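Worksheet: the structure to be examined is printed underneath.
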Amino acid sequence: MVFGRRNKFFGIYNTTLGGKIKESFGSIMPVVLVVLLLCVSLTPIDSGTFLAFILGCFLAIVGMGIFTLGAENAMTPIGQYISASVIKTKKLWIILPLFFLVGMFITISEPDLQVLAAELDGTVDYWALIITVGVGVGVFLCVAFLRIVLKIRLSVILIVCYTAIFVMSFFVPNNFVPLAFDAGGVTTGPMSVPFIIAMGTGVAYLRSDKSAEDDSFGLTALCSVGPIVSVMILGIIYKPETVSVAGGETVVIGNSQDLFAEYLRRLPTYLNQVGLALLPIVAFYFIVMLFGGKVAKGELLKIIVGILYAYFGLVMFLLGVNCGFLPVGIKIGETLGNADYAWIAIPIGMVFGFFVVAAEPAVHILNDRVFEITGGAIPKKAMGFSLMIGVAASTGLAFLRIYFAIPIMYILIPCYALSLILTFFVPKIFTAIAFDSGGVASGAMTAGFLMPMALGFCFALGKDVGAEGFGLVAFVAMTPLVAIQILGLIYKIKSAKIKKAQKAEIPLTEEIID
């Protein structure tokens with residue numbers, strides 16, 4: 001009888017897994033098809049790298065599906081349980097330190113951050129960067145908690161934070177500033193987003209006013225600010241003269257045996273990295289469980305299985321991205337940079353940006369949450385298309401900046417200024433959603449494929465990698481702030497027209513957002 005119940009449980013889990021892998025396939029395949037088209041036309045690559053890419057695609061698709069399912073079934077309930085248990089104490093001296101630890105631990109397990117840290121070649125120690133980013137997220141998760149409880153308008157905090165960041169940038173080495181903004185972009189990915197959203201919902205329940213639900217958004221936005229500040233401080237301490245990146249090992253893959261041998265050789269690295277990354281948050285959950293409320297055996301079993309899914313899915317995904325996508329991204333970028341028509345990287349980057357955002361699992365998680373909270377007033381289609389347009393523009397800007405060696409602040413300051421000005425004209429919920437979207441749009445595919453492509457392009461053009469090569473992730477995290485708030489402005493205008501028509505008793509069947 002017990003065996004029968006367990007078999008039924010895992011059967012349901014595996015049925016859901018099939019749907020997640022299918023969703024992952026639909027998200028990643030457009031990117032794969034564009035890469036394949038380039039490989040047979042403008043940017044031919046050697047057969048060994050091509051075979052590694054094909055195997056990497058398989059691992060990334062299956063790994064993302066397994067990981068997303070595990071994250072949803074483990075990270076979300078863990079986040080809800082921890083936030084409920086911690087908030088129940090109603091003591092700030094307990095809540096704030098625990099929120100800090102949660103923010104740090106969940107960030108350490110983020111795959112996007114690990115991909116970025118692996119790109120640096122001795123400029124900053126791997127774990128020094130990861131822990132620094134974790135501290136930044138932990139501090140600003142506490143700030144986000146206080147904002148909700150004290151009912152402080154999100155736009156006010158964002159204006160203060162970004163003003164401070166731009167002032168700090170004058171004291172940070174120029175070649176370290178793009179890395180700091182990239183760190184803010186990669187922090188909020190598929191591991192942390194469901195966790196942070198669950199905590200935001202839990203904190204909002206402390207308040208009973210009508211705007212509490214709207215304020216459940218914005219945690220992701222503030223958690224993206226923290227790493228920028230902390231990495232800038234790290235840059236002031238390190239004061240690196242140059243920022244170098246790992247060029248990757250030159251591995252000759254002559255046949256299928258060499259291909260699998262290379263993947264197996266690198267497998268233990270990711271098994272260890274992911275294990276060390278997940279261990280703190282899992283241990284923290286079980287420690288809190290000793291002092292918090294009881295968890296039903298069925299729910300606990302579901303969470304344990306979810307943790308295992310997240311672990312093995314993340315290992316597969318990172319293995320596929322680093323061994324398959326990353327080398328191809330570098331090759332494509334280098335080939336385009338060495339071509340007589342190097343400018344073509346700008347429109348090609350825009351095409352990749354348009355499709356890559358659909359491959360980010362954290363984007364789907366946020367879209368579902370927005371649709372649920374707004375009761376369908378903000379359709380997933382409108383959100384998704386706005387993000388795709390925004391990210392396409394950002395990748396085009398990133399390659400344009402590399403091509404003409406434009407200082408990153410010449411683009412970041414005007415765009416952030418525009419996004420902050422818009423906060424005074426759009427509904428509060430759109431401001432929170434927009435800044436949350438900026439964090440989730442720049443995920444593992446951006447860090448594992450688009451960023452290496454930009455670095456390869458920068459290498460080929462002979463530009464300064466630290467000053468011009470990094471920054472693409474920062475741009476991807478920036479443009480949704482404007483795109484989603486413009487969507488909010490349209491929503492506000494159409495809502496006003498509907499209300500006006502209703503007062504005049506004129507029938508109006510136009511939908512708020514198509």
Side-chain angles (χ1 to χ4, degrees), residues 79 82-83 86-87 89 91-110 112-113 116-117 124 127-169 171-172 176-177 179-189 191-193 195-200 202-204 206 215-238 277 280-281 284 288 432 435-436 438-440 442 474 477:
I82 290 178
S83 62
V86 172
I87 292 168
T89 65
K91 296 177 181 178
L92 280 180
W93 65 271
I94 293 177
I95 294 174
L96 293 180
L98 290 179
F99 264 54
F100 170 79
L101 291 175
V102 168
M104 187 172 68
F105 290 156
I106 196 65
T107 302
I108 290 173
S109 66
E110 187 56 58
D112 312 352
L113 177 59
L116 176 65
V124 179
W127 282 109
L129 179 64
I130 287 180
I131 292 173
T132 298
V133 172
V135 169
V137 173
V139 170
F140 273 77
L141 189 58
C142 295
V143 172
F145 167 79
L146 292 173
R147 181 194 77 83
I148 295 175
V149 173
L150 299 176
K151 301 181 183 180
I152 302 173
R153 188 179 175 93
L154 178 63
S155 58
V156 173
I157 294 182
L158 290 173
I159 290 170
V160 171
C161 288
Y162 280 106
T163 301
I165 285 171
F166 289 128
V167 170
M168 283 182 63
S169 67
F171 302 95
V172 180
F176 212 79
V177 172
L179 176 63
F181 278 94
D182 278 357
V186 301
T187 301
T188 45
M191 181 66 80
S192 57
V193 165
F195 197 95
I196 292 172
I197 288 176
M199 294 194 73
V203 175
L206 284 174
D215 281 341
S216 66
F217 292 102
L219 266 75
T220 305
L222 290 175
C223 288
S224 298
V225 173
I228 302 175
V229 175
S230 60
V231 173
M232 280 189 170
I233 293 172
L234 185 69
I236 294 172
I237 294 170
Y238 266 80
I281 194 64
F284 189 78
V288 172
F435 279 84
D436 280 355
V440 302
S442 50

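Computed from a prediction, not measured in an experiment: that's the story for all the values here.
Separating the CZ atom in F176 from the CE atom in M232 is a distance of 10.0 Å, to the nearest 0.5 Å. In this structure, CG on L96 lies 6.0 Å from CZ on F145, to the nearest 0.5 angstrom. Once rounded to the nearest 0.5 Å, the distance linking CG of L146 with CG of L92 reads 6.5 Å. To the nearest 0.5 Å, atom CG of residue L234 and atom CD1 of residue I131 are 11.0 Å apart.
Remark: T132 engages no residue in a side-chain hydrogen bond (donor to acceptor under 3.5 Å, both in side chains) (not counting sequence neighbours).
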*Determine, stepwise, if the pair L222 / L154 fulfils side chain to side chain contact (heavy atoms under 4.5 Å, CB included).*
CA-CA 9 Å; L222 290 175; L154 178 63; 4.1 Å; yes
_Worked verdict on F100 versus V135 for side chain to side chain contact (heavy atoms under 4.5 Å, CB included)_ = CA-CA 8 Å; F100 170 79; V135 169; 4.1 Å; yes
*Are F105 and V137 close enough, and set up right, to give a side chain to side chain contact (heavy atoms under 4.5 Å, CB included), and what steps lead you there?*
CA-CA 9 Å; F105 290 156; V137 173; over 6 Å; no
*Run the side chain to side chain contact (heavy atoms under 4.5 Å, CB included) check on V102 and F284 step by step: do they pass?*
CA-CA 8 Å; V102 168; F284 189 78; 3.2 Å; yes
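Counting heavy atoms from C-beta outward, D182 and V231 have side chains that stay 4.5 Å or more apart. Residues R147 and F140 form no side-chain contact, since every pair of their non-hydrogen atoms from C-beta on lies 4.5 Å or further apart. Annotation: side chain of V139 is not in contact with side chain of V229 (no heavy-atom distance under 4.5 Å). Residues L219 and I148 have side chains in contact (heavy-atom distance under 4.5 Å, counting atoms from C-beta outward). For the pair L101/M104, a side-chain contact is recorded, criterion being any heavy-atom separation below 4.5 Å from C-beta on.
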Donor-acceptor pairs under 3.5 Å, side chain of residues 157-169 to any protein atom, not counting sequence neighbours: which ones?
residue: T163; atom: OG1; partner: I159; partner atom: O; Å: 2.6
residue: S169; atom: OG; partner: F166; partner atom: O; Å: 2.6

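The minimum heavy-atom distance between G136 and S230, with the atom names listed, is CA-OG, 3.8 Å. Nearest heavy atom pair, residue F181 against residue I228, reads CD2-CD1, 3.9 Å.
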